[in-house]
Amino acid sequence: MSQYSASEIEAKWQAAWETAGIFRAKRSADKPKYYVLEMFPYPSGRIHIGHVRNYTMGDVVARYKLAKGFNVLHPMGWDAFGMPAENAAMASGGHPKDWTYQNIADMKAQMKPMGWSLDWSRELATCDPEYYGQQQALFLDMLDAGLVYRKNAVVNWDPVDMTVLANEQVIDGKGWRSGADVERRELTQWFFKITDFSEELLTAIDTLDDWPSKVKLMQANWIGKSRGLQFSFDMVEPAEGFDKVEVYTTRPDTLMGASFVGISADHPLAKALAAKSPEVAEFRALCAKGGTTEEALEKAEKLGFDTGLRVRHPLNPDWELPVWIANFILMDYGTGAIFACPAHDQRDLDFCRKYDLPVVDTFFATEDDTPVANTAFVPPKTDKVRWVNHFAGLDVATGDEAINATIDFAESAGWGKGVTKFRLRDWGLSRQRYWGCPIPVVHCDECGVVPEAKKNLPVQLPDDVSFDVPGNPLDRHPTWRDCACPSCGKPAKRETDTMDTFVDSSWYFARFTAPRATTPTVAEDAEYWMNVDQYIGGIEHAILHLLYSRFFARAMQITGHLPKKAIEPFNALFTQGMVTHAIYQTHDADGRAVYHFPEEVEDGVLKATGETVEVIPSAKMSKSKRNVVDPVSIIASYGADTARWFVLSDSPPERDVEWTASGAEATSRHIARVYRIVADIAAMENATGTGDDDLLRATHKTIDEVSKGLESFGFNAAIAKLYGFTNTLHKSSAGGDAKRFAAAALVQMMAPFTPHVSEELWSLLGKDGLVSIAAWPEADPAMLVDDTVTLPIQVNGKRRGEIVVPKDMPKEEVEKAVLADQAVIRALDGAAPKKIIVVPGRIVNLVI
RNA sequence: GCCGGUGUGGCGGAAUGGUAGACGCAGCGGAUUCAAAAUCCGCCGAUGGCAACAUCGUGAGAGUUCGAAUCUCUCCACCGGCACCA
């Protein structure tokens with residue numbers, strides 16, 4: 001072949017890899033293992049450029065480690081349960097199962113041409129009974145170990161469709177289909193006891209050395225450990241069987257600024273009052289309006305209801321405070337009751353101003369005693385402040401000191417107790433939906449809630465379901481619900497809730513070590529392949545998915561499914577930025593947003609109808625918003641090597657990248673240029689030339705820099721070095737021997753990025769075997785050091801010139817050389833420098 | 001609202017306390033060609049200057065330092081997460 005043709009070579013080399021079986025992971029003692037995993041995709045049906053970027057990053061790592069002599073495990077699967085399949089069934093009448101498996105087939109067909117070094121023999125889909133049956137076994141073991149329980153929790157309830165809505169389906173407090181005002185309603189649900197591990201999940205963050213610090217910080221904040229004071233306000237007149245209100249506060253030091261006692265609308269006292277008082281019941285109903293997200297609760301207008309009940313201040317029995325029901329107090333956190341200190345909490349202040357409640361300052365800044373008006377004074381807890389008549393005798397002290405002093409004071413006086421609490425809540429896993437893993441329990445009138453027997457697993461989803469009415473089809477299935485109680489054998493009903501899809505993705509990394517096993521994992525395989533050495537995925541999973549996986553690793557260790565060393569399953573984490581793209585939307589007759597694919601839009605109008613589209617710039621690519629870019633056309637036009645190189649070349653991998661089509665053409669030209677340069681070199685005579693040594697040095701330097709780039713996810717930097725090295729090689733007048741050495745190194749270094757053309761050029765250079773498994777080139781340290789160094793010279797921090805000096809010239813001689821330099825003499829203009837700063841090997845700065 | 005992040009030429013970005021703009025794209029000029037494509041060579045932050053060079057310049061403002069894109073504080077804009085999107 002005389003010129004580069006992607007279409008001819010890519011299929012050829014993919015077949016060669018397949019035949020050689022070089023990506024099939026096998027356990028063996030002779031090599032170290034390396035497990036690289038990218039977060040598995042949801043089978044939307046089309047791969048998008050974000051997938052291409054994510055999986056190419058993982059592939060570069062996997063291929064580099066393969067060349068470095070590791071046994072590499074690089075698997076792929078499908079996060080295949082979830083709402084979009086049901087939505088598709090509702091929209092077009094098909095079945096979620098058919099839709100999902102068709103999407104998997106389509107996406108796999110689009111992924112194969114990318115040439116990723118995946119071990120497809122380990123492919124799994126979470127909707128395969130082979131997978132979810134083992135997940136049910138895992139669930140039963142966790143139930144047995146006391147890690148699962150049932151309790152009430154609130155959901156978004158659509159009162160028109162009579163169905164539970166996902167947060168995503170609540171838009172501005174209304175149901176997405178019915179448009180009805182959404183209510184918060186309690187339901188009995190299954191929970192994982194993740195809070196048993198709050199302390200452990202928090203402290204173990206310190207062991208995650210190769211995780212981004214921002215992710216560790218987000219997880220720590222999410223777990224939210226706090227120390228505070230728990231104590232009671234005695235009621236002046238007991239009511240509804242309550243004689244006190246127990247509160248928890250992280251700022252007990254502000255107790256003298258208490259304005260009222262607030263209880264959550266879901267507090268037992270509020271419920272008890274509502275049973276007697278229509279006004280309270282009405283207020284509770286008002287508080288129940290809207291969605292369940294923390295954001296909705298935080299942003300909602302502050303509402304309060306004065307119960308008329310009074311409580312006594314613990315430090316002064318004559319001081320009575322009113323008890324209010326307030327919508328911003330969460331039943332899930334602390335005791336569901338607080339005391340409000342408006343002077344030092346903005347929410348409390350807003351509330352007190354609205355309902356005309358007193359505002360009492362308890363401390364001031366050391367130099368400023370302006371009373372609080374409409375902005376609460378909330379300095380960092382590490383700042384010293386001046387206290388007003390503090391009951392524990394403080395004058396000037398930090399918030400932290402005051403909190404500790406107050407807790408000690410309350411404990412020794414016997415009216416309060418220092419308590420550590422966590423923000424983290426237990427993980428509710430019940431979903432009132434069809435397309436998920438059935439929860440393998442049975443409800444029996446005689447025996448209560450009974451786990452399904454393991455021999456009856458998997459509890460398979462029935463195929464004969466319809467989606468023509470809202471709600472969970474399992475709930476109204478004529479026969480699937482009916483079963484025999486595993487305990488007493490009498491007729492019973494199956495649980496119709498299925499599992500949160502986060503459960504599916506919380507252990508797939510472990511399943512990949514033995515994907516076909518008839519137990520969740522196999523000890524020898526888990527022992528050999530765990531942990532994941534490098535995990536790669538989107539920053540949007542920084543908290544939930546990763547925290548749930550960390551919990552599952554612990555639960556699986558307790559239930560005997562993972563070894564102790566896998567307690568933290570991901571040794572290193574890399575969070576790639578998202579690929580963003582403009583969203584194109586129009587509105588239907590009812591004013592609801594309709595999204596359009598980029599290829600349907602031209603010059604701001606829909607190609608089909610000429611309708612003007614609204615452009616929302618730079619949003620996260622998402623299948624529901626349809627702002628996805630199709631990589632298939634890039635591969636068809638330029639080939640996989642171009643697509644692979646291009647997605648990694650322009651932007652640092654952790655950063656978001658706005659996708660634009662320009663540049664693929666240029667990448668393709670560059671690959672063709674490398675092809676020509678290397679092909680010419682392959683035809684050169686064996687000989688020496690001028691600059692052999694320079695080229696050799698440049699080669700070793702590039703090997704060093706590119707290897708470092710690959711080790712540290714500096715893919716764009718590594719590619720920039722490869723561009724530079726290609727230019728150096730092209731301009732060099734070195735002889736055939738040196739050039740062939742340099743060309744072979746170039747081809748090898750490009751191989752993780754552009755494996756197909758690299759294989760072609762490797763064989764063109766007359767090398768034996770596959771470049772994919774050729775040993776990675778090593779840089780000779782002796783070739784990396786230069787004898788001289790160029791030092792920039794600054795005068796008062798501004799660059800005025802530069803000198804070239806021997807690498808290890810002593811400071812005094814550098815100073816002499818600098819002062820003798822013409823540019824320096826000109827810049828000094830006769831002035832004598834006050835100070836000369838010489839940073840060896842870096843810079844010289846003269847201060848005048 | 002709360003938590004986390006990002007901000008540098010026309011564009012993607014490099015430099016993580018030491019020469020701001022590596023490398024790439026776009027653009028401009030030249031060579032080659034009957035012509036074009038491809039290819040090759042060169043220029044390319046702004047302002048002033050024939051030039052040498054000077055001044056300004058990393059979202060805005062302040063600070064620390066011999067020296068700041070980089071560290072600190074305040075503010076602005078955008079992005080991610082907020083427990084039932086995956």
Side-chain angles (χ1 to χ4, degrees), chain A residues 39 41-42 44 79 81-84 155-156 164-170 189 194 212-215 217-222 224 291-300 328 332 346-347 423-433 500-502 504-505 538-545 547-548 575 577-578 580 617-620 622-624 646 649-652 654-658 660 662-663 665-667 669-670 672-673 676 716-717 719-724 727 730 790-794 796-802 826 833-837 839 841-848:
Chain A
M39 291 179 186
Y42 180 80
S44 60
D79 189 11
F81 276 135
M83 289 201 311
V155 293
N156 301 303
V164 176
L165 299 180
N167 286 333
E168 181 184 62
Q169 297 169 321
V170 179
Q189 314 225 56
I194 189 172
S213 49
K214 63 178 170 186
V215 174
L217 188 56
M218 281 190 260
Q219 293 226 343
N221 288 343
W222 185 263
T292 58
T293 66
E294 191 174 316
E295 185 187 5
L297 298 171
E298 289 273 352
K299 283 186 174 170
F328 64 88
D332 285 327
Q346 190 63 43
R347 272 191 316 196
R423 204 185 77 97
L424 183 66
R425 306 199 296 259
D426 275 334
W427 172 9
L429 68 114
S430 300
R431 296 293 180 270
Q432 294 71 42
R433 273 183 256 289
D500 178 6
T501 56
F502 270 123
D504 311 338
S505 56
I539 185 65
E540 67 271 28
H541 296 293
I543 298 175
L544 293 179
H545 162 62
L547 192 63
Y548 291 157
T575 52
M578 272 166 293
T580 61
S618 204
K620 167 183 153 182
S622 122
K623 47 222 163 269
S624 62
F646 180 58
S649 64
D650 258 10
S651 202
E654 68 277 15
R655 191 104 54 106
D656 288 357
V657 56
E658 169 75 18
T660 57
S662 68
E665 175 72 36
T667 298
R669 279 205 305 267
H670 174 72
R673 179 168 183 250
R676 281 195 305 277
N716 57 325
I719 284 177
K721 298 294 179 194
L722 290 171
Y723 269 113
N727 286 333
H730 177 63
T790 302
L791 288 182
I793 305 164
Q794 297 180 328
N796 283 346
K798 284 186 197 298
R799 185 182 174 278
R800 294 296 146 154
E802 61 180 38
R826 191 153 16 96
K834 278 189 214 147
K835 199 172 168 188
I836 305 179
I837 294 147
V839 185
R842 309 261 3 185
I843 202 164
V844 180
N845 192 11
L846 307 177
V847 187
I848 58 171

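Naming convention: chains lettered A, B, ... in sequence-line order (proteins, then strands); numbering from 1 in each chain.
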Distances for protein N/O vs nucleotides 37-40 of chain B N/O pairs under 3.5 angstrom?
from	atom 1	to	atom 2	distance (Å)
rC40(B)	OP1	Arg673(A)	NE	2.8

query = Taking atom C1' in both rU33(B) and rG18(B), what distance in whole Å separates the two?
reply = 49 Å

query = Do Glu168(A) and rC84(B) have a side chain to base donor-acceptor pair shorter than 3.5 Å?
reply = no

request  = Looking at every strand, decide which applies to Gln189(A) at a 4.0 Å heavy-atom threshold: base, sugar-phosphate, or nothing.
outcome  = base

inquiry  = Say we look at rU16(B) and rU58(B): how far apart would their C1' atoms be, to the nearest angstrom?
reply    = 14 Å

Of the listed nucleotides rC82(B), rG1(B), rC84(B), the one nearest the side chain of Asn167(A) = rC84(B)

ask   = Under a cut-off of 3.5 Å for both distances of each Watson-Crick or G-U pair, what dot-bracket string does RNA chain B give, using [ ] for crossing pairs and | for inter-strand pairs?
value = (((((((..(((.....[....))).(((((.......))))).((((....))))..(((((..]....))))))))))))....

query = Expressed as a whole number of Å, how far does the C1' atom of rU74(B) sit from that of rG13(B)?
reply = 29 Å

key: Integer angstrom distance from the C1' of rC44(B) to that of rG24(B)   = 14 Å

inquiry  = Categorize Ser649(A) for me: base, sugar-phosphate, or nothing, with a 4.0 angstrom heavy-atom threshold over every strand shown.
reply    = nothing

request  = Using side-chain contact (heavy atoms from CB on, under 4.5 Å) as the criterion, list what pairs up with Thr575(A), not counting sequence neighbours.
outcome  = Pro212(A), Lys214(A), Val215(A), Ile539(A), Leu573(A)

key: Side chain of Ser651(A) (C-beta onward), nearest among rA83(B), rA86(B), rG13(B)   = rG13(B)

Sugar-phosphate or base contact per nucleotide [nucleotides 15-20 of chain B; S, B, -; heavy atom under 4.0 Å] = ---BB-

key: Rounded distance in Å between the C1' positions of rC75(B) and rG27(B)   = 37 Å

ask   = Between rC84(B), rA22(B), rC56(B), which nucleotide has the shortest distance from any of its atoms to the side chain of Ala720(A)?
value = rA22(B)

query = Looking at the side chain of Lys214(A), which of rC56(B), rC85(B), rG4(B) is the nearest nucleotide?
reply = rG4(B)

Interface polar pairs with nucleotides 49-52 of chain B, N/O, under 3.5 angstrom:
none

ask   = In chain order, what residues pass the side-chain contact (heavy atoms from CB on, under 4.5 Å) check against His541(A), with sequence neighbours excluded?
value = Met39(A), His545(A)

query = Does rG13(B) adopt a syn or an anti glycosidic conformation, taking syn as a chi angle within 90° of 0?
reply = anti

inquiry  = By nearest atom, which of the nucleotides rU55(B), rC66(B), rG5(B) is closest to the Leu217(A) side chain?
reply    = rG5(B)

request  = May I ask you to say what Lys834(A) touches in the nucleic acid, namely base, sugar-phosphate or nothing, with a heavy-atom cut-off under 4.0 Å?
outcome  = nothing

request  = Among the candidates rC66(B), rG81(B), rG24(B), find the nucleotide nearest to the side-chain atoms of Glu540(A).
outcome  = rG81(B)

task = Report the relative orientation of the aromatic rings in Tyr723(A) and His670(A); use parallel for angles under 30°, tilted for 30 to 60°, perpendicular for over 60°.
result = tilted

ask   = Which part of the nucleic acid, if any, lies within reach of Val155(A) when heavy atoms closer than 4.0 Å are counted: base, sugar-phosphate only, or nothing?
value = base

